[in-house]
Amino acid sequence: MMERRTLSGVVMRRMLLITNNRLFFGLCRPGLSVVAALEGCNDASTPLTSLDVVRIARDTIHRGWVLAHHPLYGNVRPRLQPFRTILLLEPERFVDGRPEPDLLSLHLISEAMTVYESERESLALVDAVPESLARDCAFLDAELMKETLAQAGVPATWSSDRTITCCRGQREGERL
Amino acid sequence: MKLELHRIRISKLEFGSSTGVRNGVLTVNKDELEKFLLEDERLAGVSLDVAHPGESVRILPVKDAVEPRCKLSEGNEVFPGFIGDVDPVGEGKTLVLEGMAVLTTGRLVAPQEGIVDMSGPGAEYTPFSQTCNLVVVLEPSEEVKLHEAESVCRIAGLKAAHYLASRCKEAVLSQAVAADTVETFDAPALTEAMHAYPNLPKVAYIYMLQSQGLLHDTYVYGVDAKKILPTLISPTETMDGAIISGNCVSACDKNSTYVHQNNPVIKQLYARHGKELNFVGVIITNENVTLADKKRSSSYAVKLARMLGVEACVISEEGFGNPDADLVMNCWKAERAGIKTVLVTDEYAGRDGSSQSLADSCPEGNACVTAGNANMMITLPPMEKVIGDAPKADIIAGGFFGSLREDGSMEVEIQAILGATNELGFTRLGAYTI
């Protein structure tokens with residue numbers, strides 16, 4: 001789990017993984033919540049779109065959560081990749097007891113929304129791409145999250161059959 | 001550091017019984033090179049083909065382009081960390097087979113991209129329609145995992161390029177074949193560089209390298225660039241292949257290894273050195289995923305520029321989307337440190353050009369060079385011959401980049417064309433004053 005140090009010692013920081021990538025649905029780690037079935041999507045068999053993921057992240061950032069990484073891919077357009085995964089860190093700053101939005105996170109997620117909205121009509125959808133393509137895209141999405149997860153203390157590996165495996169600390173993830 | 005590039009101009013490729021160059025014709029022993037590459041047991045198949053400018057040939061999906069080079073002098077070999085040892089390069093004499101490229105192709109993962117048309121309208125958008133191309137079609141073994149497959153294909157391209165130059169080396173050393181041109185590049189010690197041309201502005205180059213993860217990586221002396229702090233590199237080291245592309249995504253604006261070997265920004269800074277400016281150094285930096293890395297690397301790159309005491313920087317980007325944030329951070333941090341910047345990027349402004357071009361921006365970024373709009377559509381006519389992963393062409397075209405028509409023509413965005421909007425300026429697009 002992401003740590004921050006204070007005068008009194010190390011404080012653990014909760015994390016929120018917002019994703020429509022099936023490879024992450026079973027990812028468990030103390031302090032990590034995997035949000036895969038929210039906002040009108042009640043079971044994992046009808047995954048969110050990538051735009052849904054970005055929108056949920058934006059709304060959560062407005063509640064003070066902080067981006068751990070840039071919300072856009074490098075070199076991959078929304079209409080080429082049906083999956084998106086975003087890791088958020090719990091609010092750090094509070095004013096009058098209420099979480100204060102992180103301005104850099106707000107700026108970046110707003111710019112990302114502009115990009116995703118501009119391709120709304122041509123978004124790649126999980127159910128609309130061939131299975132082999134969906135498998136490759138899911139794998140790439142997971143791969144491109146690997147460094148972020150590792151830096152956040154969630155080392156994960158993908159086996160040859162391309163399913164995700166937690167490396168340590170497995171137990172039921174917390175809910176929001 | 002002083003480097004001499006001994007260039008032999010290649011005007012034709014052909015297969016023959018032995019590999020060597022004569023009168024601008026490079027003969028390649030096909031069997032020998034295929035067997036050499038197949039020594040890597042992770043490869044199930046290798047086949048070679050050639051493609052020349054003007055031919056009705058389409059190559060796809062192209063992973064990397066490499067210019068054949070090898071050392072003529074003693075010392076470490078080119079492509080350090082892969083072919084050469086990890087010791088420094090960028091000094092001595094290097095043989096260059098100019099006018100040709102090794103293009104690697106093979107399926108790694110969908111979606112695939114990277115089209116090179118040797119003739120027709122698509123050829124106008126890729127610089128590799130102008131080179132004689134040895135195409136290396138690679139088939140990794142089934143048990144090889146994706147990470148390894150990318151690595152296998154990357155290294156095979158380097159091995160092929162080094163093999164070709166090495167087979168011509170003896171003829172050059174024995175003076176049986178003379179270089180067409182010899183060009184010398186000098187990269188003096190900082191103590192000397194800082195005091196040169198006191199009346200000219202000191203300028204550095206911040207060279208951004210794609211480093212997001214699998215299929216989006218770059219290697220420096222064999223090290224994954226996402227693991228580095230920004231650092232200084234001699235421009236002559238880049239010419240000896242110190243920077244290797246592992247970036248297989250976004251064909252139009254990825255920097256292939258060939259482009260790193262022939263970086264036009266470095267070339268132009270050298271051309272203006274001592275006349276308009278004092279080119280004092282190159283700072284390589286990465287384009288990582290996490291915000292902490294982005295902040296760290298941009299701050300550190302600008303800190304190095306401040307330590308050099310430069311008045312201005314050229315900053316080039318690789319790719320789009322997420323790296324736009326790195327470009328912008330590098331820009332405003334440098335400007336606020338009193339260093340003027342010129343940015344080199346490309347645009348994703350929609351097919352009508354009216355959308356927001358970059359995913360991020362800042363008021364300080366007021367001097368920006370664009371390499372073009374990657375969303376522009378083009379119709380590629382059918383070609384008589386397709387080299388590469390032909391059965392997947394419909395997925396490339398129809399599923400993602402446009403539509404594949406029954407007659408074999410394709411409607412694609414120029415994003416699918418290798419080097420169409422290259423952000424180092426290694427492209428055929430340009431603006432001209434009439």
Side-chain angles (χ1 to χ4, degrees), chain A residues 2 66-82 85-87 89 102 104-105 107-108 110-119 122 124 128-152 157-162, chain B residues 107-113 143-147 210-216 224 226-227 247-254 287-295 317-326 328-329 348-351 354-356 358-361 374-375 395 399-401 413 415:
Chain A
M2 201 69 139
V66 179
L67 280 168
H69 59 100
H70 198 286
L72 289 173
Y73 291 110
N75 293 17
V76 182
R77 303 262 300 282
R79 68 185 182 82
L80 303 180
Q81 168 58 287
T85 301
I86 295 177
L87 182 70
L89 309 174
D102 177 68
L104 178 60
S105 299
H107 169 70
L108 294 177
S110 299
E111 297 284 12
M113 275 298 292
T114 302
V115 172
Y116 274 81
E117 288 280 9
S118 73
E119 298 198 0
S122 54
V129 299
E131 174 56 31
S132 63
L133 195 57
R135 190 174 62 240
D136 283 350
C137 287
F139 182 68
L140 270 182
D141 173 66
E143 277 291 325
L144 294 175
M145 288 301 295
K146 194 186 244 178
E147 185 67 21
T148 302
L149 289 168
Q151 288 190 26
T157 58
W158 288 263
S159 61
S160 57
D161 62 357
R162 299 181 178 180
Chain B
R107 184 178 189 275
L108 288 179
V109 65
Q112 298 282 289
E113 57 180 351
E143 60 270 23
V144 169
K145 292 176 185 173
L146 185 54
H147 288 89
Q210 179 62 274
S211 57
Q212 308 256 326
L214 181 63
L215 306 183
H216 298 65
D224 185 342
K226 75 166 69 65
K227 304 293 184 187
N247 182 5
C248 304
V249 186
S250 192
C252 67
D253 55 10
K254 73 177 179 186
E287 300 174 351
N288 282 7
V289 175
T290 69
L291 297 192
D293 282 336
K294 288 183 184 301
K295 290 178 188 173
E317 184 183 8
E318 181 174 8
F320 68 95
N322 179 331
D324 293 349
D326 301 275
V328 165
M329 283 185 184
Y348 287 76
R351 292 177 182 180
S354 64
S355 299
Q356 181 175 313
L358 299 176
D360 204 358
S361 64
N375 294 137
I395 293 179
F400 286 91
F401 295 111
E413 290 185 351
Q415 186 190 358

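Proteins get letters first, then strands, A, B, ... in listed order; numbering begins at 1 in each. All values reported here derive from a predicted model rather than from experimental measurement.
- Between the side chain of A:Asn75 and the backbone N or O of B:Phe320 there is at least one donor-acceptor pair closer than 3.5 Å.
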Steps toward side chain to side chain donor-acceptor pair (under 3.5 Å) verdict (A:Glu111, B:Gln356):
CA-CA 10 Å; A:Glu111 297 284 12; B:Gln356 181 175 313; 3.0 Å; yes

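- Residues B:His147 and A:Glu143 bring a donor and an acceptor atom of their side chains to less than 3.5 Å of each other.
- Checking A:His69 against B:Asp293 by side-chain atom types alone, no donor-acceptor pair falls below 3.5 Å.
- The distance from the CE atom of B:Met329 to the CG atom of A:Leu104 is 5.0 Å, given to the nearest 0.5 Å.
- Between chain B and the options A:Val115, A:Leu87, A:Thr114, A:Val76, heavy-atom pairs under 4.5 Å are most frequent for A:Val76.
- Taking CG of B:Asp360 as the reference point, atom CG of A:Leu72 lies at 9.5 Å (rounded to 0.5 Å).
- Of the two parts of B:Glu318, only the backbone, made up of N, CA, C and O, holds a non-hydrogen atom closer than 4.5 Å to a non-hydrogen atom of chain A.
- With hydrogens and angles disregarded, no donor-acceptor distance shorter than 3.5 Å links the side chain of A:His70 to the backbone of B:Pro323.
- Contact detail for B:Ala325 and A:Leu108: the closest heavy-atom pair is CB-CD2, 4.4 Å.
- For B:Asn288, no part lies near chain A; criterion is any non-hydrogen pair under 4.5 Å.
- The OG atom of B:Ser355 sits 12.0 Å away from the CD atom of A:Glu117 when rounded to the nearest 0.5 Å.
- Here the closest heavy-atom approach between residue B:Leu291 and residue A:Leu67 is recorded as CD1-O, 3.6 Å.
- Judged as a salt bridge (Lys or Arg N to Asp or Glu O under 4.0 Å), and not counting sequence neighbours, A:Asp141 has no contacts.
- Of the atoms belonging to B:Leu358, not a single heavy atom falls under 4.5 Å from chain A.
- Counting heavy atoms from C-beta outward, B:Val289 and A:Gln151 have side chains that stay 4.5 Å or more apart.
- Residues passing the salt bridge (Lys or Arg N to Asp or Glu O under 4.0 Å) test with B:Lys294, sequence neighbours excluded: B:Asp326.
- Taking the side chain as every heavy atom from C-beta outward, B:Gln212 and A:Tyr73 never approach each other to under 4.5 Å.
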